[in-house]
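Remarks on the structure that follows.
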Amino acid sequence: MARTIVTSALLYANGPLHFGHIAGAYLPADVYVRTLRMCGEDVLAVSGSDDHGVAITISAEKAGEDYASYVARWNGNMRATFDALDIRYDVVSGTSTCPEHADSSREFFSRLLENGYLAERQTKQLFCVHDDMFLADRYVEGTCYKCGADGARGDECPSCGTWIDPLEFKDPRCKICGSTPEQRTTTHWYLDLPKLRDEKIGAWIRDHEWKANVEKFIENLLEDVPERAITRDMSWGVSLPPEVGDAGEGKVLYVWFDAPIGYVSFTKELMRERGTPEAWKDWWQGEDTQLVHFIGKDNIPFHCLVFPSMLHGVKDGYVLPSAVPANEFYNLKGGKFSTSGGNAFDVVEFAKEWDVDTTRFYLCSTMPETADSEFSLEQFVQTANTSLAGTIGNLATRVLKFIAKNFDAVIPTLHDPHREEMDRLILEECGPIEDPAAHVREFRFRRAAEAVVANATVANIFVDRMAPWALRKEDPEKAASALNTLCEWLSWQARWMAPFMPTKAQQLWEMLGKTDEVASQPWPGLPQAGTWRGLDAGAALGTPEALFPRVQLPESEA
RNA sequence: GGCGAGGUAGCUCAGUCGGUUAGAGCACUGGCUUCAUAAGCCAGGGGUCGCGGGUUCAAGUCCCGCCCUCGCUACCA
């Protein structure tokens, strides 16, 4: 059977998750995984934190924490956020804590070196005598030699945008101690992306089908691919393999090189814990494995070019990504979500206050799939009240409470003479029925969410046409048949909802008298006349309760 | 500076290969219904598709120019 590895962008362990992250890479992955699993497919869901890199060491130093505990704190925050939103992975690890990660990364390095895709080069770099370290990129500041602005960073001048070569600074300063660094020679290894592109990856990329928003980005990327240094002079990170000798002393792999390897390392970690340490190969080196990377658009170069190049370059039979459903950005009040900039709110608190499934649903229905999109609390409240409480929730209560009052709280009987009419009416004449999973497979989560609501509308129309409150008096048997049909429909509704709103789906499932897990049911797909019914008449129903409470916009936001 | 994205109804967004009176949801208006969470159903109003040119029998959809917003520029989904 086909296997699918689903990864969500490794989160940079440098701050809390906000809705942009959730809507961009984590929630869609979770919905995708849940859907595929109900469809009976074998899925592995992987995520974790990206713990290395200069930005983290600087932030940790500023916070007065050691690197390991700083990173552990944000990794913990990430897990708590996933829990709060019911986002589940098979493994959530971290590049600095996963026991397999360092060896995994070094093995990639070694194999790439062996296969001739790494070049060793000597370069000059600024060294701070006071702090006894080479100063990577942003550890250096100076006066921009182009526009004269002070405070240019070692990689770019924020005033004029010039790419800075820190060696050209007339007044370089160490960002840590402020002293003047000196130039020293150092050795680094470069990943030969141009060679990889020309050999195979370029063709693979061109032949691959990408989302429209990814396609344009990549075209450009391919034209001008530089070699990239994949090592750094610093201590926080994965040290180099022994075969590079003394030249590798005091150096680590550059963060973007080791980060995506985390997907592989974390899989190894998981399989070891499961007692099948070799099983990771079945996934990563299996012929019919689909590899799907959920990321935000900022990560496109790595997941569409760099990481595939690495996977190819080691020549160990790794699969290449089959899809990279990169989302655009999710905005708040016209600007990007930013925890440091104050344009955000606490995700865990939000989900607690407004309900997890309602939050999941709203994020799905506004996800930035094709273009940047906007989060709005006002629309959140409207969606909660109209689509969820009004259309879906009220459908359940109007049907089930009516049955509780008038039909002994058991599933009413479908009388055979009515079967054909009922099936025709609800399956054909009350509007189009859509299969949410079909949209999910195309990474159209908005449409999928809309489809769940649209399908509930079909049943609401059916209720109005049948008017069971009148039919009960005129033709009680037909009323029973209609209500039986509606119970069937609700059981489909619960399954359609499950990947998006797991808790509410389960509640609805139990209201129908079910005692097992709705998430363990096979995916229902589209109902077909003659085969779509599966309930037993006379079976006891559960207690009908309002699925979704109506909510109100706080006055402060109105 | 370079690159990219977007500018379509009051709001949030769809619009596949250019092709009949430009779509959806929400909001708004009117009607129906009363089973239900003042929920549901039906109908309706509302847009010179950023601006100006061009190609075409035909352009929101292709080409050129301009204006505006935003993002990225290789570690912030």
Side-chain angles (χ1 to χ4, degrees), chain A residues 8-15 17-29 50 52-56 59 137-138 146-147 155-156 160-163 212-213 216-217 220-221 224 226 228 254-256 259 294-302 305-306 326-331 334-340 365-366 368-376 378-379 382-383 385-391 393-403 405-406 430 444 446-447 450 453-454 457 459-472 483 544-550:
Chain A
S8 289
L10 291 198
L11 182 75
Y12 210 44
N14 197 27
L17 280 158
H18 51 62
F19 271 170
H21 299 111
I22 303 291
Y26 301 98
L27 181 57
D50 173 7
H52 298 134
V54 175
I56 283 178
S59 302
D137 306 333
R138 297 188 185 186
K146 194 117 179 192
C147 72
D155 53 354
E156 187 196 14
C160 67
T162 301
W163 286 26
N213 60 331
K216 302 215 167 169
F217 203 98
N220 231 292
L221 205 64
D224 189 24
R228 289 299 293 188
Y254 196 28
V255 59
W256 64 251
F294 282 89
I295 57 169
K297 63 180 170 186
D298 54 311
N299 253 322
I300 291 172
F302 296 102
L305 172 66
V306 181
N327 272 329
E328 299 291 299
F329 282 130
Y330 203 47
N331 295 320
K336 61 188 293 198
F337 274 94
S338 161
T339 41
S340 54
S365 69
T366 53
E369 295 169 345
T370 55
D372 286 4
S373 64
E374 185 90 6
F375 173 91
S376 138
E378 196 183 341
Q379 302 227 347
Q382 282 172 352
T383 300
N385 288 338
T386 58
S387 298
L388 299 182
T391 306
N394 183 57
L395 171 67
T397 42
R398 74 193 298 206
V399 170
L400 296 175
K401 285 194 175 176
F402 190 82
I403 294 174
K405 261 184 217 165
N406 304 299
C430 290
R444 305 301 297 258
R446 286 168 172 257
R447 279 197 195 172
E450 281 168 21
V453 179
T457 295
N460 275 317
I461 293 172
F462 179 86
V463 174
D464 270 53
R465 296 257 192 111
M466 295 310 298
W469 50 91
L471 207 52
R472 181 171 69 90
L483 291 163
E545 279 165 25
L547 263 187
F548 298 96
R550 290 181 61 78

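What you are looking at is a predicted structure, and each value in this text was computed from that prediction instead of being measured. Each chain gets a letter, A, B and so on, in the order its sequence line appears, and its residues count up from 1.
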Sticking with atom P, work out how far B/A5 lies from B/C17, rounded to a whole angstrom.
15 Å
For a quick check of understanding: with a heavy-atom distance under 4.0 Å over all strands, which category does A/F19 fall into, base, sugar-phosphate or nothing?
nothing
Within the structure provided, determine whether A/I300 and A/K297 are in side-chain contact (heavy-atom separation under 4.5 Å).
yes
Main-chain N/O of A/N394 paired with A/T397 side-chain donor or acceptor, under 3.5 Å
yes
Please work out if A/T397 contacts a base, only the sugar-phosphate, or nothing of the nucleic acid, heavy-atom cut-off 4.0 Å.
base
Considering only the P atoms, how many Å lie between B/G53 and B/G1, rounded to the nearest integer?
28 Å
For A/Q382, answer base if it contacts any base atom (sugar-phosphate contacts may also be present), sugar-phosphate if it contacts only those atoms, and nothing otherwise; contact means non-hydrogen atoms under 4.0 Å.
sugar-phosphate
RNA chain B: A/S373 or A/K401, which has the more 5' nearest nucleotide?
A/S373
Report the relative orientation of the aromatic rings in A/F375 and A/Y330; use parallel for angles under 30°, tilted for 30 to 60°, perpendicular for over 60°.
perpendicular
A/Y12 over B/C76, stacked by centroid distance under 5.5 Å, angle under 30°
no
When the nearest nucleotide of RNA chain B is assigned to A/A371 and to A/V399 on a heavy-atom basis, which residue is associated with the more 5' position?
A/A371
Have a look at A/F548 and say if it touches a base, only the backbone sugar-phosphate, or nothing, with a 4.0 Å heavy-atom cut-off.
base
May I ask you to say what A/N327 touches in the nucleic acid, namely base, sugar-phosphate or nothing, with a heavy-atom cut-off under 4.0 Å?
nothing
B/G6 pairs with, by Watson-Crick or G-U criteria that keep both distances under 3.5 Å:
B/C68
Have a look at A/G390 and say if it touches a base, only the backbone sugar-phosphate, or nothing, with a 4.0 Å heavy-atom cut-off.
sugar-phosphate
Please report, rounded to the nearest Å, how far the P atom of B/C42 is from the CZ atom of A/R465.
8 Å
Does the side chain of A/R550 get closer than 4.0 angstrom to OP1 or OP2 of B/A39 through an N or O atom?
yes
Whole-Å P distance, B/U16 and B/U33:
42 Å
Could you give the distance separating B/U29 and B/G45 at their P atoms, to the nearest angstrom?
16 Å
Within a strict 4.5 Å, meaning less than it, do heavy atoms of the A/L471 and A/M466 side chains meet?
yes
Rounded distance (Å) that lies between atom C1' of B/G15 and atom CZ of A/R447
9 Å
Under 4.0 Å, heavy atoms only, any strand: does A/I56 hit a base, just the sugar-phosphate, or nothing?
nothing
Report which part of the nucleic acid A/D50 touches: base, sugar-phosphate, or nothing (heavy-atom distance under 4.0 Å, all strands).
nothing
Using 0.5 Å steps for rounding, measure from the CG atom of A/N299 to the CH2 atom of A/W256.
12.5 Å
Mind calculating the distance between CG (A/N385) and P (B/G25) to the nearest angstrom?
18 Å
So what does A/S376 hit on the nucleic acid, given a heavy-atom distance under 4.0 Å: a base, only sugar-phosphate, or nothing?
nothing
Considering every strand and a 4.0 Å limit on heavy-atom distances, what is the contact class for A/R446: base, sugar-phosphate, or nothing?
sugar-phosphate
Using the C1' atom in both, what is the distance from B/C66 to B/A27, to the nearest Å?
35 Å
What nucleic acid atoms does A/N14 come within less than 4.0 Å of, heavy atoms only: base, sugar-phosphate, or nothing?
nothing
What distance, rounded to whole Å, do you find between the two P atoms, one in B/U8 and one in B/A58?
26 Å
Could you check whether A/S365 gets within reach of a base, just the sugar-phosphate, or nothing at all, counting any heavy atom under 4.0 Å?
nothing
